[in-house]
Engineer: 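The structure that follows is given in the form of structure tokens.
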Amino acid sequence: MSFTLTHRLCLSPPQRTHLRFTFKPHTSKPIVSSPSKLSYLPIVSSLSHNSEHLSVTQAKPRWENMLSTAASFYPLYVTVGGIVACFKPSAFAWFVERGPSSYSFSLGLIMLAMGLTLELKDLLNLFTQRPLSILFGCVAQYTIMPTFAMVISKSLGLSPSLSVGLILLGCCPGGAASTVVTFIARGDVSLSTVMTVCTTLGAVILTPLLTVILAGTYVPVDAIGLSISTLQVVVAPVLLGSYLQSTFPLVVKMITPFAPLFAVLLSSLLACSIFSGNVVRFKSSIVNASLASDASLVSRLQSLLSGDLGAVILSVMLLHFTGFFVGYISAAICRFREAERRAISIEVGMQNSSLGVVLATTHFTSPVVALPGAMSAVIMNIMGSSLGFFWRQISGSKQELEDQD
């Protein structure tokens, strides 16, 4: 064991002297940690270069590490909840019956938990340091996914309701889970964090605008209503959480370790509840496929894919795969570092599916519009986690690994 003194870059001069001891099993260079949306990832905190103060932190208690580990199993919770919804949809009836108010309230709490762990001053500082990569990632988020959502819906010949749901999903901002996946993939966590905050704030205007442009040909879209709902359930809670953090730091410090797990469980409940409300439709697609006159496996598979279940699964998988792939390739063409490419790829490919579900259930009469968002919560996290673990096994250059440290 050795003691390592680490420098921290502050946005304002420190008011008092700190001493931080970071326990490391081996000697290492000074470390600057990255901010995170959720407390189970490190938050940027450091000391100005012209200050003589030493800031030091202690290792997290074991119970906080346990909460962080539990929060990282988001894909597992959604998968298990989806299985329960298939076999016993009534388990989520208490939540579904109170929708869409229960959905909006839940998403508001999720975004509030995210806001409690954000330091906007630090994020603004990062934005001024690396504006090009952040701006590129935000533009990619609101061009790649909406465009390919429309292309995929037309290519697969989806019904109007499913097309609107897929386009609405593609027009949503980046999801909070992208930071976890970026961390697993050894990507640029701070870039992922700032991108999510920027796209979330921009969603008030861009999500309704793009939805009207791309999905307005299918059904009437209330752009003003979508904008107000996005402001109420996403932007306002994030800003409120950040304000509470700066105003009541001691209280927020006590709550913050529980925020990630709370947000993850609530997100799982939200997605699985929407899924449970459409289980009957999915089961009918499966039954029709199994009772097809032609007993061959290929024919049954075609019958299954031609139903709502197959159409939703295939379209959502294609959308997220395209986001991951095109996001990475476009960042590589623009010659960003490997860590930045991974962060941009993951941020573009992973959407705030909970927002898509809430907007779909609040502003569209057909329940089918919410299906892509609900299914995305399961598929997106499985695909993203798998990609993150794959990238973790691929070592970058020595300089890139040092930059990530």
Side-chain angles (χ1 to χ4, degrees), residues 37 41 72 74-75 78-79 133-153 155 165-200 202-203 206-207 210 214 267 271 312-334 336-357 372-392 394:
K37 311 174 189 93
L41 293 178
S72 66
Y74 178 39
V78 177
T79 304
S133 58
I134 296 171
L135 181 62
F136 176 86
C138 293
V139 171
Q141 173 73 56
Y142 281 116
T143 54
I144 294 174
M145 294 298 275
T147 301
F148 279 97
M150 182 184 66
V151 171
I152 291 170
S153 64
S155 300
L166 189 68
I167 292 172
L168 181 60
L169 174 64
C171 295
C172 286
S178 60
T179 293
V180 184
V181 175
T182 301
F183 181 74
I184 293 172
R186 295 180 179 175
D188 193 325
V189 177
S190 56
L191 174 59
S192 174
T193 301
V194 180
M195 280 182 59
T196 296
V197 175
C198 292
T199 56
T200 298
L206 294 176
T207 296
L210 292 172
L214 300 177
S267 297
V312 171
I313 293 176
L314 182 59
S315 61
V316 170
M317 288 183 66
L318 286 174
L319 178 62
H320 289 299
F321 175 81
T322 302
F324 291 131
F325 181 75
V326 178
Y328 183 87
I329 295 299
S330 60
I333 293 174
C334 293
F336 288 106
R337 294 184 303 113
E338 177 64 22
E340 292 175 319
R341 297 176 194 174
R342 296 180 183 184
I344 292 173
S345 169
I346 293 169
E347 191 68 27
V348 171
M350 300 189 72
Q351 303 294 91
N352 190 338
S353 55
S354 297
L355 175 61
V357 167
M375 188 61 72
S376 169
V378 181
I379 295 175
M380 171 187 70
N381 285 286
I382 293 175
M383 293 178 67
S385 300
S386 301
L387 179 62
F389 282 114
F390 170 76
W391 264 333
R392 192 171 186 82
I394 302 177

Engineer: Got a second to check how far Ile344's CD1 is from Thr182's OG1, nearest 0.5 Å?
Structural biologist: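 Reported to 0.5 Å precision, the distance equals 10.5 Å.
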Engineer: Any idea which heavy atoms bring Ser353 and Gly373 closest together, and the distance?
Structural biologist: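 Minimum heavy-atom separation between Ser353 and Gly373: CB-O, 3.4 Å.
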Engineer: Quick check against the 3.5 Å criterion: does Thr199 have a side-chain atom that pairs as donor or acceptor with the backbone of Cys138?
Structural biologist: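 Not confirmed, Thr199 side chain does not pair with Cys138 backbone.
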Engineer: Could you tell me the separation between the CZ atom of Phe148 and the OG atom of Ser153, rounded to the nearest 0.5 Å?
Structural biologist: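 OG of Ser153 is found 12.5 Å from CZ of Phe148.
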Engineer: CD1 of Ile152 to OG1 of Thr322: how many Å apart, nearest 0.5 Å?
Structural biologist: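 Nearest 0.5 Å value for the CD1-OG1 distance: 4.5 Å.
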Engineer: Any chance you could lay out the side-chain contact (heavy atoms from CB on, under 4.5 Å) test for His320 and Met145, step after step, and finish with the verdict?
Structural biologist: CA-CA 8 Å; His320 289 299; Met145 294 298 275; 4.1 Å; yes
Engineer: Report yes if the side chains of Asp188 and Arg337 come closer than 4.5 Å at any heavy-atom pair, otherwise no.
Structural biologist: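 A side-chain contact exists here, since the closest heavy-atom pair is under 4.5 Å.
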Engineer: Once rounded to the nearest 0.5 Å, what's the spacing between atom CG of Leu318 and atom OG of Ser155?
Structural biologist: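 Here the interatomic distance stands at 9.0 Å.
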Engineer: How close do Cys172 and Thr207 get, counting heavy atoms only, and between which atoms?
Structural biologist: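 That would be CA-OG1, 4.0 Å.
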Engineer: Check this for me: Phe136, atom CZ, are more than 12 non-hydrogen atoms of other residues, nucleotides or ligands nearer than 6.0 Å?
Structural biologist: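 Count over threshold, so yes.
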Engineer: Of all the heavy-atom pairs spanning Met195 and Ile134, show the shortest one and how long it is.
Structural biologist: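 Looks like CG-O, 4.3 Å.
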Engineer: Which atom pair, heavy atoms only, marks the closest approach of Gly165 to Pro372?
Structural biologist: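 Scanning both residues completely, I find the closest heavy atoms to be C-CG, 3.7 Å.
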Engineer: Just verifying a value: how many Å separate Tyr328 OH and Ile346 CD1, rounded to the nearest 0.5 Å?
Structural biologist: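 CD1 of Ile346 is found 11.0 Å from OH of Tyr328.
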Engineer: Are the side chain of Ser315 and the backbone N or O of Val312 linked by a donor-acceptor pair below 3.5 Å?
Structural biologist: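 Present.
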Engineer: Before giving the answer on side-chain contact (heavy atoms from CB on, under 4.5 Å), spell out for Met380 and Val316 the whole-Å C-alpha distance, their side-chain angles and the decisive distance to 0.1 Å.
Structural biologist: CA-CA 8 Å; Met380 171 187 70; Val316 170; 6.0 Å; no
Engineer: Okay, side chain of Ser345, backbone of Arg341: is any donor-acceptor separation there less than 3.5 Å?
Structural biologist: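 A pair under 3.5 Å: no.
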Engineer: Just by distance, do the side chain of Thr147 and the backbone of Ile144 share a donor-acceptor pair under 3.5 Å?
Structural biologist: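 Between the backbone of Ile144 and the side chain of Thr147 there is no qualifying donor-acceptor contact (under 3.5 Å).
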Engineer: Of the non-hydrogen atoms in Cys171 and Leu210, which two are nearest, and what is the gap between them?
Structural biologist: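 Residues Cys171 and Leu210, closest heavy atoms: SG-CB, 3.5 Å.
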Engineer: Search all heavy atoms of Leu355 against all heavy atoms of Pro173 and return the closest pair with its distance.
Structural biologist: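 Scanning both residues, the minimum pair turns out to be CD2-CD, 3.5 Å.
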Engineer: What's the spacing between Ile379 CD1 and Phe321 CZ if we round to 0.5 Å?
Structural biologist: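 Going from the CD1 atom of Ile379 to the CZ atom of Phe321 covers 14.0 Å.
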Engineer: Look only at the side chain of Arg186 and the backbone of Trp391, and say whether a donor-acceptor pair between them is shorter than 3.5 Å.
Structural biologist: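 No, because the side chain of Arg186 does not come within donor-acceptor range (under 3.5 Å) of the backbone of Trp391.
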